[in-house]
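The structure appears below as structure tokens.
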Amino acid sequence: MIIAKDDLPTFLDGLLGTYQVFVPLADGGESRYVPLAPGGTFTWQGVNTRKPPKEILFPQSEVLYSYEVGGDRVELREHFDKTKRVVFGIRPCDARSFLHLDRVFLEQEHQDPYYRERRENAVMVGMACLEPASTCFCTSLGGGPFAADGLDLLFIDLGDRYLVRRVTPRGEALLREQPALFRPAGEADRLAAREAEEKAKSLMSPIPDLSGVKPWLDAGFGDPLWDRVYEKCIGCAVCTYLCPTCHCFDLTDEAEENQCVSGVRIRTWDTCAFPLFTLHASGHNPRPTGKERFRQRVMHKFRYFVENWGEAACVGCGRCIINCPVNLDIREVLREIMARAAGAGVSA
Amino acid sequence: MDAGPEPKIVGFLCNWCSYAAADLAGINRLQYPASVRIIRVPCSGRVSPLFLLTALRRGADAVLVSGCHPGDCHYTSGNLVARRRFAMLKSLLEFAGLDEGRVNFTWISASEAADFARVTTRIYQRAKDLGPYRGALRKESGVPRRE
Amino acid sequence: MSKQEELRATARRLLAENRVDLILGYTAGTLPLRTTPFFARTPAEADLLVWNAFCEYNLTNYLPRYTGNRVGIVVKGCDARSLVGLLQQNQVQRERLYVIGIPCAGVVDRRRVALLAGGAEITAADITGGEIVVRGRGFEKVLPMEEVLFPSCRRCRYGNPVLADVVLGEKVPERKETYEDLAALENMPAVEREAYFAREMAKCIRCYACREVCPMCFCKQCFVDGTAPQWLSRWVGTADNLFFHLGRTMHLVGRCVDCGACARACPVGVDLMAFNRKMIKDAEALFGYRAGLDPEAHLLLGTFDPNDPEPFLFRG
Amino acid sequence: MKNPYLPMPARIEQLVVETTDGNLKTFVLRFLRDEDRRVFDFVPGQFAEVGIFGKGEAAFGIASSPLETGRVAFTVNRVPGGVVTNALHNARVGDIVGVRGPLGNGFPLKAMEGHDIVVIGGGFAFTTLRSLVAYVLHPQNRGRFGRLQVVYGAREPGLLLYKEELEAWQKREDIELTLTVDRCSIADRWTGCVGVVPKIVEEIGPDAAHAYAVVCGPPVMIRFTLPVLDRLGFPPERVLLSLEMRMKCGIGTCGRCNIGHKYVCKDGPVFTLSDLNKLPAEY
């Protein structure tokens, strides 16, 4: 389908009656997905927002349930978020991350009902990348600047209009809510979209071949590589908190006024970068230093997740590269691994 | 007293002086505001900035730290070390936007029961004038708070 | 010989003569406007060291990890003052260090460059003379260096390292330090200031990059991580974030040297320096104290003077 | 669908101080709601998250046997500075706690049937082993397993758990129980063995031919026991270990308890030695 660019505000405004609409917004060099106000406008020129849209499905802090302990009973109240949402302007890499999150939260024996409620009530509308950034490497990880995985609709910017690809019935239904704004795409539109896609792909930086990473990691747990590669890591949570696929969390209780009578259990993001993440009450820590913790991050993304789900837990969005306080570049780490894989193999 | 919610004031009082002054105020039947909740500490030097932040974070409308007069510290210099800390802390909190009058420091010796009553009454009055603390340290949290 | 060549030669010599086990320095980064910390262990690796206005990291942060090694370390003016702080607090041993001081005219604030460049991706940046040239897809922009230096650098009084075993290159002229950066905030009504900080704190994601990158944050357990008592909620929101930053600021009183590493590390651009700057200003005004100048000096809050001022006192 | 994060309220029905140092207490719990009692259908070796409202929760192995219907027991070691274990130790009979579970895989009972079982435990890790032994000893089950040998050790006699039950076991014919301590004094009136667990196991020399060895204990005990089992001829496939990790969610989501690509909370806590040998030694 085709929608004129001038009609986009009308389209989004029209959704506001039913949905909370999230759009990417820049604010003084920072950026994230924020709710659109009625009649509000937004422009987005960057590639990826600083914070990924992950927080819409999996907020940094959320209440799971509240409790009240009475004399002989406990009252528990679950806090589900059933807000209907449309997230507009999602980049294909971030959209792909939803599939990874789905696996962790929905495709295991125990489903996560908090994630499920948000996920089922969110329509994901993507925006194809015309000009990928130099830090983008989605194509190395099964994605692409025009990929639609994880999306319900994909918008492609054709100058004065968007070509809208209908990816799922849910996305199609969203268009049908305001049929007057859309017309069928013509051959010229489709051709323009194909050309834009070819151009975007040609703008991607040289793609690191990652095929050898997993096999090397399988045998490389004890490799001396790990003794040096983490060395400049300061152990903060930037790479994990800004990663669209990182999903680790903590569960804690918040008692009201410090009494054990009523309060809430909250879930907050946590990270393998912090020593406390794995510290036992006894004082033993299976990942005692930055070396083990950095190895865990790489191993989890490129080996363990592949083992469990068939794909790496990385979508190549480049956020950890751009935002690392010390420029520890995951592409360099992968290149080093590939070099070792190609060379002498694993030195025990 | 006028209507409106009663302020909550947390007072961290040194065991050797101000706490005794509060005690003496009671013995002498000197009135001081019941809104002052006293926490006895071994020395004003024991009072960490985190104590005051926590009090404000968790419901206090004003805080008071009171220790021995400089030179009279039971541990020789605890209050002198604390004095620098308090100078910086009060400046920082007010720079962060906290109303003047919510964080208070003073020296009151064991015999100065009347001073204790007067100071706490003034702090109470100022806290009452300021109204409940609803500043940035009291914003959103995981706990659905009942007011 | 440029400072960079001098640096390489010095590092090469130190490693070749086995006077140090490693050199903490900088090497080329993978992104424009960036270098990256580098740990050179061989004379050959010494040739990968770089020195330029993108060397923004305070490498003294790594020193407590290498207490068992003889370390050569590259320090700028601010880093040297951090090193003094670490020495004051017995976190490093002077005799195991070889300090390579480099007079520094300031490091580039990459956020500011990005903002001035209009927000499009910068793919290359070069410094020539007093200017920085940035390029991206279809644009090129020339910016005066003085305008893109990090705020701490623009007011830095201590560009020349206060402590070093060798100083490379010419001294840089001393700048005049002012507290103009605080004026706007100080002149605001308290309620507006509170609103400003509330907005800043709301941005914080508590990744603790500020803490992890700070050489003075060497505590084995940070107050935010304790569970008994648990000072801080794990909830990330304005109030707990403010609690964290106020607690951290108090912990840095008399120790922060205004190197700005925290603000540069922050991924979401929280104004992290305002609190610290206020404390630096007060410490000087009230106690005549500057952090990081004298390894033998007591810390500001670790000592007292019987005649210290009492501006805070409530007399009822 | 059930919310896996929601605890099931249970009341502390009975409290037993197990050890002379007072640091180990057994909590016998009864669920407040009948439906929870039915949901809590477990096998020995599984664990649950037990929590005090307002303090948080922690993972504890289930110490009771599934056949002790209606109640479930946990033995909790008070850890200095541990918020949850201290809160539990301060709790009293009648207090309400939250329980999430059963979690984890438990011992592979089907595979173990028809085999001899050698249970090797040390210190306070004996909890899920107690569940296993009680399960095997139950008249419904005893015939389905072969010889049952148990070696259980502690630093000193006062630190052995479940003393009354141990006495009862010692009187039975269908279980060969060996108790040992690292050290004891005359006042202890100790009549069992003295010596560390691996040494006692070696002395007893259980027949590995048709046996499963189940090992739970402190890391140092495990480290020295495994070579003994190897010498006795136990293949790694028939050596079972139960692991401890810091856990939060208990359902393989929160990400902290992994060893390699396995999550101790959902793929474990029970692993065969051969499984573990394939995983990185990061625990």
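Naming: A, B, ... by sequence-line order, numbering from 1 per chain. The figures here come from the full heavy-atom set of this structure, side chains too, leaving out hydrogens, waters and symmetry mates.
At a 4.5 Å heavy-atom cutoff, the contact between A:Ser282 and chain D is made by backbone atoms alone. Neither the backbone nor the side chain of A:Phe305 comes within contact range of chain D; no heavy atom of the residue lies under 4.5 Å from a heavy atom of that chain. In this structure, the portions of D:Pro7 lying under 4.5 Å from any heavy atom of chain A include both its backbone and its side chain.
Among residues 286-299 of chain A, the residues having any heavy atom closer than 4.5 Å to a heavy atom of chain D are, in sequence order, A:Pro286, A:Arg287, A:Glu292, A:Arg295, A:Gln296. Annotation: residues 74-100 of chain D contacts chain A through D:Val79, D:Ile96, D:Arg100 [non-hydrogen atoms, separation under 4.5 Å].
Pairing each heavy atom of D:Ile52 with each of A:Asp253, the nearest pair is O-OD2, 3.6 Å. Of all non-hydrogen atoms in A:Asp270 and D:Arg256, the two that sit nearest each other are OD2-NH2, 2.6 Å. Looking at every heavy atom in both residues, A:Tyr304 comes nearest to D:Pro280 through OH-CG, 3.8 Å. Of all heavy-atom pairs between D:Arg246 and A:Leu279, the closest is NH1-O, 2.9 Å. D:Tyr263 approaches A:His300 most closely through the heavy-atom pair OH-NE2, 3.5 Å.
Looking at heavy atoms from C-beta onward, D:Ile251 lies out of side-chain contact with A:Gln108 at the 4.5 angstrom threshold. Using a 4.5 Å heavy-atom threshold, the side chains of A:Asp72 and D:Arg11 count as touching.
Remark: D:Arg155 CZ is loosely packed, at most 12 non-hydrogen atoms of other residues, nucleotides or ligands lying under 6.0 Å away. For A:Tyr115, the OH atom counts as densely surrounded, since its 6.0 Å shell holds more than 12 non-hydrogen atoms of other residues, nucleotides or ligands.
In this structure, A:Cys272 SG and D:Asn258 CG are separated by 9.0 Å, a value rounded to the nearest 0.5 Å. Annotation: the span from A:Asp218 atom CG to D:His261 atom NE2 amounts to 9.5 Å, rounded to 0.5 Å. A distance of 9.5 Å separates OG1 of D:Thr253 from CG of A:Leu251, quoted to the nearest 0.5 Å. The structure places CG of D:Leu6 at 4.5 Å from CD of A:Glu78, a figure rounded to the nearest 0.5 Å. Here CG of A:Asp112 is found 11.0 Å from SG of D:Cys254. Values are rounded to the nearest 0.5 Å.
The aromatic rings of D:Phe53 and A:Tyr67 lie tilted to each other, with the angle between the two planes from 30° to 60°.
A donor and an acceptor atom, one from each side chain of A:Tyr65 and D:Asn3, are nowhere located under 3.5 Å apart.
Between chain D and the options A:Asn285, A:Thr252, A:Leu76, heavy-atom pairs under 4.5 Å are most frequent for A:Leu76. Comparing D:Pro4, D:Ala58, D:Pro9, D:Cys257 by heavy-atom pairs within less than 4.5 Å of chain A, the highest count is held by D:Pro4. Between chain A and the options D:Lys262, D:Glu57, D:Lys266, heavy-atom pairs under 4.5 Å are most frequent for D:Glu57.
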ask   = Does the pair D:Met245 and A:His280 meet the rule for a side chain to side chain contact (heavy atoms under 4.5 Å, CB included), with working shown?
value = CA-CA 7 Å; D:Met245 271 286 184; A:His280 292 202; 3.9 Å; yes

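Among A:His110, A:Arg267, A:Arg265, the one residue that satisfies the side-chain hydrogen bond (donor to acceptor under 3.5 Å, both in side chains) test with D:Tyr5 is A:Arg267.
In terms of modelled atom types and a separation under 3.5 Å, the side chain of A:Asp250 and the main chain of D:Lys248 share no donor-acceptor contact.
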